[in-house]
Amino acid sequence: MELVEATADDLESLVDRWHSLARAMEAHDELNELAANVDETAEEGFRRHLDDDAVDDYLVVQGGERIGFVTLREGSHPSREYSQYLRIVNLFIDEAYRNRGHGAAVVERVRALACDRGCDHLKVSCEWGNEGARRFYRDAGFRPKQVDFAQPLK
């Protein structure tokens, strides 16, 4: 399994996979409901990633075949001892390839990337009600650190 940095030629593949991920997240909270123009918005978002030095999108490739994607964002908390982080923003493996260790392999590759970039920790968040994702990240060595709260305003 390898991570291949995405280019503008990969936008359709990224958007299709992101759309599948986003649709699955709708079930976990009303705040995840997708907008009517979601495909256009998602493509524009991925285009902005290409110009943002802090964000990288990678295709997950197995045996020459694209099987998922991961979005990473680098950041810092200068006032903390653990100050440099790499955040897994999105991690998606195509359904036909799940439960085969590909997600865990992606996390291992991301861990190596973070170390190469001088980061001292990884971050990730997932929907509280998504027990499968919570179990996956716990099994990958992550621990709960913080809880986000949200409140709809309309």
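In what follows, residues are counted from 1 in the order of the sequence shown.
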Residues L91 and L21: closest non-hydrogen pair is O-CD1, 4.2 Å

Is V70 close to L3 at the side-chain level, that is, under 4.5 Å between some pair of heavy atoms?
yes

If you look only at pairs with a residue in residues 23-44, which of them pass as a ring-ring contact (aromatic ring centres under 6.0 Å, His included), with sequence neighbours excluded?
none

The salt bridge (charged side-chain N to carboxylate O under 4.0 Å, His left out) partners of R17 (sequence neighbours excluded) come to D94

Which heavy atom of R111 sits nearest to which heavy atom of A140, and what is that distance?
NH2-O, 3.0 Å

Are any non-hydrogen side-chain atoms of L72 and R87 less than 4.5 angstrom apart?
no

Check: A133 main-chain N/O paired with N130 side-chain donor or acceptor under 3.5 Å:
yes

Could you check if a side-chain atom of V60 sits within less than 4.5 angstrom of a side-chain atom of R66, using non-hydrogen atoms only?
no

Just how far is it from atom CZ of R117 to atom CG of L113, taken to the nearest 0.5 Å?
5.5 Å

Smallest heavy-atom separation, I93 atom then R98 atom, equals O-NE, 2.7 Å

Is there a side-chain contact between K123 and F142, using heavy atoms and a 4.5 Å cut-off?
no

Please tell me if the side chains of V106 and M1 come closer than 4.5 Å, counting only heavy atoms from C-beta onward.
yes

State, yes or no, whether a side-chain contact exists between Y137 and L122 at a heavy-atom distance under 4.5 Å.
no

Student check: side-chain heavy atoms of F69 and T71 closer than 4.5 Å
yes

N-O pairing of R73 and D52 below 4.0 Å:
yes

Any residue meeting side chain to side chain contact (heavy atoms under 4.5 Å, CB included) with P152, in chain and number order, not counting sequence neighbours
E30, L31

Check whether any side-chain heavy atom of D57 lies under 4.5 Å from a side-chain heavy atom of E5, and answer yes or no.
no

Kindly give the heavy-atom pair with the smallest separation between C126 and R134, and that separation in Å.
SG-CG, 3.5 Å

Evaluate side chain to side chain contact (heavy atoms under 4.5 Å, CB included) for V107 paired with F136, printing each intermediate quantity in order.
CA-CA 10 Å; V107 170; F136 170 78; 3.9 Å; yes

For A6 and L14 the tightest heavy-atom approach is CB-CD1, 3.7 Å

Any chance the rings of Y82 and H77 have centres within less than 6.0 Å?
no

Got a sec: does the CG of D116 have more than 12 other heavy atoms crowding it under 6.0 Å?
yes

Looking only at side-chain N and O atoms, does Y58 offer a donor or acceptor that is under 3.5 Å from a partner on E2?
no

Basic-acidic side-chain contact under 4.0 Å: E131, R138:
yes

